[in-house]
Undergrad: 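Starting off with a structure, shown below.
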Protein chains: 2
Amino acid sequence: MVQTASLHEEVVGRIRDMIVEGELLAGSHVTERAICEKLGISRTPLREAYKVLAAEGLLTLLPNRGVVVSRLTQQDVEDILEMIALLEGMAVDRLCARASEDEIAAIERLHGEMVEHFRRGERLEYFKANQAVHEAIVAAARSPQLAKVHRGLGARVRRFRFAGNVDPARWERAVREHEQILLAIKDRDAHLLQALIRTHLRNGWKIVRRQNRDELAPPLEVEPVPEPIGRRRRRKAEIA
Amino acid sequence: MVQTASLHEEVVGRIRDMIVEGELLAGSHVTERAICEKLGISRTPLREAYKVLAAEGLLTLLPNRGVVVSRLTQQDVEDILEMIALLEGMAVDRLCARASEDEIAAIERLHGEMVEHFRRGERLEYFKANQAVHEAIVAAARSPQLAKVHRGLGARVRRFRFAGNVDPARWERAVREHEQILLAIKDRDAHLLQALIRTHLRNGWKIVRRQNRDELAPPLEVEPVPEPIGRRRRRKAEIA
DNA sequence: TCTGCCAAAATTGCATGCAATCGTCGGATC
DNA sequence: GATCCGACGATTGCATGCAATTTTGGCAGA
C-alpha cells in the first residue's frame, strides 16, 4: 500500500528537490507567495514545510523576514561528510555482525546496477544508484535511528556531492573503491570496511571541494545572513 | 541582545520540556486542542511546532490522526547513545587539535560547578551542569553542524538519561569518569579521550537501561503506532 | 453476545483574513 | 549633500473558518 503523503510532506520533498537541483540557490531569499503560486498551494502547508526544512538545516529562518536557503561553508560540508563517515562506519560494524545474507545480496545487486550505470556513462542514474548503495548499507545495520540521522545529513550535502561527480578520473576511482567496499562487505571485514569507507568519503570530498569552490560560502565568513537594519523588538505575545 | 523567539519556537521548547519532564508520556496521543488551551495559543503555531518536533524525532505524526509522543525501543536509545559517543569522539579530536586555552578553561569551570552540585547532592542541578559540560566539549570543536546534530540527538534521550541518574554508586562513578575526562582534555590526549568518553556513555547506558526498563518499548515490538481501523484513502489534493 | 454498518461528533488538513513587522521611498532638517 | 524621520507597500505571524477524515456510539441482524 502506497501511503500518500500529506500535502506539506510533498511540499517538503519538492522544495528539497528544488534546492538539490539548484533551482533555489544557497543564500537566496525565498518568499512565501512565490512558492505558493508555483506549487498552487496556500501558505499554511508551505510554512509547515519551511519549519521542517529549517529543522533539517536546509533552510534558515529569519524571524519576520522570511527564509533563506542555508549557505554551507567548506568547513560545514567537511564536518557533515565526516559525520556521515562516522555513521557509515557504525553501520558497517553492525552490518558485519548482524546482516542477513539477503541484505548483503541486495547491496551486491544495487552495486551491480550502479556499476552498469557507470559503464554506460549515465551520470544521474549512477548518482542515484550510488545513494541507494550507501542507504542499503545503512539499512542493513537495522537501526532506524541511525538511518534517520544518516538520511538527514545526506540531504544537506547531496547537492554538493552531485556536483562533485563530474570528474571522470574521480568517477572511475570511486567505482573501484566501491568494488573494494563490496568485497569487504561480503567478507564481513568490519575493520577494513571502516578504512575503506573513510577513504572513500575523504576522496570524494576533495573533488567536491574543488568543484564547488564558488558555490560554497568562504570558510571565514561569520554569518552570511543579512543583518537587520533596526533593532529587534520584543514580541508582546506570551504563552501561558 | 536577547533575540526573543517566535511563538512557535517557544512552543517547541515548551513541548520538548513537557516530554522530557514526563508530563507527556511516550506513546500518548496529543490532541491539538488540549495543548492549545493549555498554552493559550491557536492551532497554527502549535502545528508548526509539531512538525519541528517530528523532524527532531520526539513526536511521530500520524496523518489525519494527530501525533503521538515517539516511543523509543531499548535498541533505539542504545543506537542514539552510540551515535552521541561517535560525535563526541569527533568533537574531542578537534578539541585537542584546535581548542583555545580559554575554551578548555571554560570546560574546567563547568566541570567544577558540576562536581560542586554532586557534593551537595543536587541532582537536577548536577544533571544540567553535566549537560553543559558535554555541550561545552562539543562547542570547543567549533563545528556548528556537529553541535546541531549532537544537540538533536541529546534531546531525544535526555529523558532517559535523567532517569538513569538516580543510582548513587553510578553517580559517584560518573563524576570520577568526568575527572579523568577533564584531565585528558587538559593534556589534549585525543586517543585517551576517545576511550574515556566511549566508556563513560556506555556505563551510563547500563544504568539507563535498568532504570527505564518499563518506560522503554520492548525491543521486539515492530511498530508501537496504533494501526488504523479502516484503510487509508488517497488524498485528492495534488500540488502543481 | 458478537459483528457489521451508518450517522454524529471530534479531530485534523488546509485556506483565508487580519494584525504586526519589515523594507523602502520621499521629504524635512542640519 | 548627508542624515534622520515617517508613511506606505510588501511580507510575515498568528487566528479563525470550512472541508475532509477519523473515531465513536448506537442499532440492526445473525
Side-chain angles (χ1 to χ4, degrees), chain A residues 1-15 28-55 59-69 225-240, chain B residues 1-15 24 28-54 59-69 225-240:
Chain A
M1 178 182 72
V2 179
Q3 164 80 291
T4 312
S6 70
L7 186 51
H8 95 266
E9 299 242 14
E10 290 190 43
V11 174
V12 166
R14 283 296 290 271
I15 297 180
S28 67
H29 186 97
V30 189
T31 65
E32 293 180 358
R33 205 160 50 82
I35 307 291
C36 282
E37 290 176 0
K38 190 176 184 63
L39 299 183
I41 58 172
S42 84
R43 292 173 52 216
T44 305
L46 176 67
R47 288 173 56 78
E48 294 178 352
Y50 275 1
K51 302 297 182 297
V52 173
L53 291 164
L59 295 180
T60 302
L61 302 180
L62 310 175
N64 289 313
R65 298 195 301 146
V67 309
V68 296
V69 180
V225 181
E227 270 300 312
I229 308 227
R231 299 244 86 30
R232 301 218 75 83
R233 291 157 215 164
R234 304 196 91 254
R235 306 193 60 80
K236 51 182 187 356
E238 290 289 328
I239 64 181
Chain B
M1 178 182 69
V2 179
Q3 164 82 290
T4 310
S6 71
L7 186 51
H8 93 266
E9 298 243 15
E10 291 191 42
V11 174
V12 167
R14 284 295 290 270
I15 296 179
L24 295 177
S28 67
H29 186 97
V30 189
T31 64
E32 294 179 358
R33 206 159 49 83
I35 307 292
C36 282
E37 291 176 1
K38 190 176 182 64
L39 300 183
I41 59 173
S42 85
R43 291 173 53 217
T44 305
L46 177 67
R47 289 174 57 78
E48 294 178 352
Y50 274 1
K51 303 296 181 297
V52 173
L53 291 164
L59 295 180
T60 302
L61 302 180
L62 310 176
N64 289 313
R65 298 196 302 145
V67 309
V68 296
V69 181
V225 181
E227 269 301 308
I229 309 229
R231 297 249 82 37
R232 303 216 75 85
R233 288 157 218 167
R234 304 197 89 254
R235 306 193 59 80
K236 56 189 179 358
E238 290 290 328
I239 63 181

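Naming convention: chains lettered A, B, ... in sequence-line order (proteins, then strands); numbering from 1 in each chain.
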Undergrad: Rounding to a whole Å, what distance do you find between Glu32(A):CD and dT21(C):C1'?
TA: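 After rounding, the reported distance stands at 13 Å.
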
Undergrad: To the nearest 0.5 Å, what is the distance between CG on Leu61(B) and OH on Tyr50(B)?
TA: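 It is 9.5 Å, given to the nearest 0.5 Å.
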
Undergrad: Once side chain to side chain contact (heavy atoms under 4.5 Å, CB included) is applied, do any residues pair with Arg43(B), and if so which ones, sequence neighbours excluded?
TA: Glu32(B), Cys36(B), Arg47(B)

Undergrad: Run the side chain to side chain contact (heavy atoms under 4.5 Å, CB included) test on Glu48(B) and Val12(B) for me, step by step, so that the C-alpha distance in whole Å, both residues' side-chain angles and the decisive distance to 0.1 Å come before the verdict.
TA: CA-CA 9 Å; Glu48(B) 294 178 352; Val12(B) 167; over 6 Å; no

Undergrad: Rounded to the nearest Å, what distance is computed from the CZ atom of residue Arg65(A) to the P atom of nucleotide dT24(C)?
TA: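 Value for this atom pair: 10 Å.
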
Undergrad: Scan residues 42-52 of chain B against DNA chain D and write down, sorted by residue number, each residue with any heavy atom closer than 4.0 Å; if none is found, say none.
TA: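 Hits under 4.0 Å, by residue number: Ser42(B), Arg43(B), Thr44(B), Pro45(B).
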
Undergrad: Provide, to the nearest angstrom, the distance between the CG atom belonging to Leu39(B) and the C1' atom belonging to dA15(D).
TA: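 Atom-to-atom, Leu39(B) to dA15(D), this comes out as 15 Å.
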
Undergrad: So if I take every side-chain heavy atom of Asn64(B) and compare against dT12(D), dT21(D), dC14(D), which nucleotide ends up nearest?
TA: dT21(D)

Undergrad: Tell me: CD of Glu9(B) to C1' of dT12(D), nearest whole Å?
TA: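 In whole Å, dT12(D) C1' and Glu9(B) CD are 14 Å from each other.
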
Undergrad: Rounded to the nearest Å, what distance is computed from the CD atom of residue Glu37(A) to the C1' atom of nucleotide dA15(C)?
TA: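 About 15 Å, once rounded to whole Å.
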
Undergrad: So how far is it from Ile41(B) CD1 to His8(B) NE2, rounded to the nearest 0.5 Å?
TA: 11.0 Å

Undergrad: How many Å lie between CG on Leu61(A) and P on dG13(D), as a whole number?
TA: 8 Å

Undergrad: Does some side-chain heavy atom of Val11(A) sit less than 4.5 Å from a side-chain heavy atom of Val52(A)?
TA: no

Undergrad: Which protein N or O atoms sit under 3.5 Å from an N or O of nucleotides 8-10 of chain C?
TA:
none

Undergrad: Do Val69(B) and Leu59(B) come within less than 4.5 Å of each other through their side chains, counting heavy atoms only?
TA: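 The answer is yes, as the side chains (C-beta and beyond) meet within the 4.5 Å cut-off.
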
Undergrad: For a salt bridge (Lys or Arg N to Asp or Glu O under 4.0 Å) check, start with the C-alpha distance between Glu10(A) and Arg14(A), then their side-chain angles and the critical distance, and finish with the verdict.
TA: CA-CA 6 Å; Glu10(A) 290 190 43; Arg14(A) 283 296 290 271; over 6 Å; no

Undergrad: Rounded to the nearest 0.5 Å, what's the gap from NZ on Lys51(A) to CG on Leu46(A)? Could you check?
TA: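 The NZ atom of Lys51(A) sits 8.5 Å away from the CG atom of Leu46(A).
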
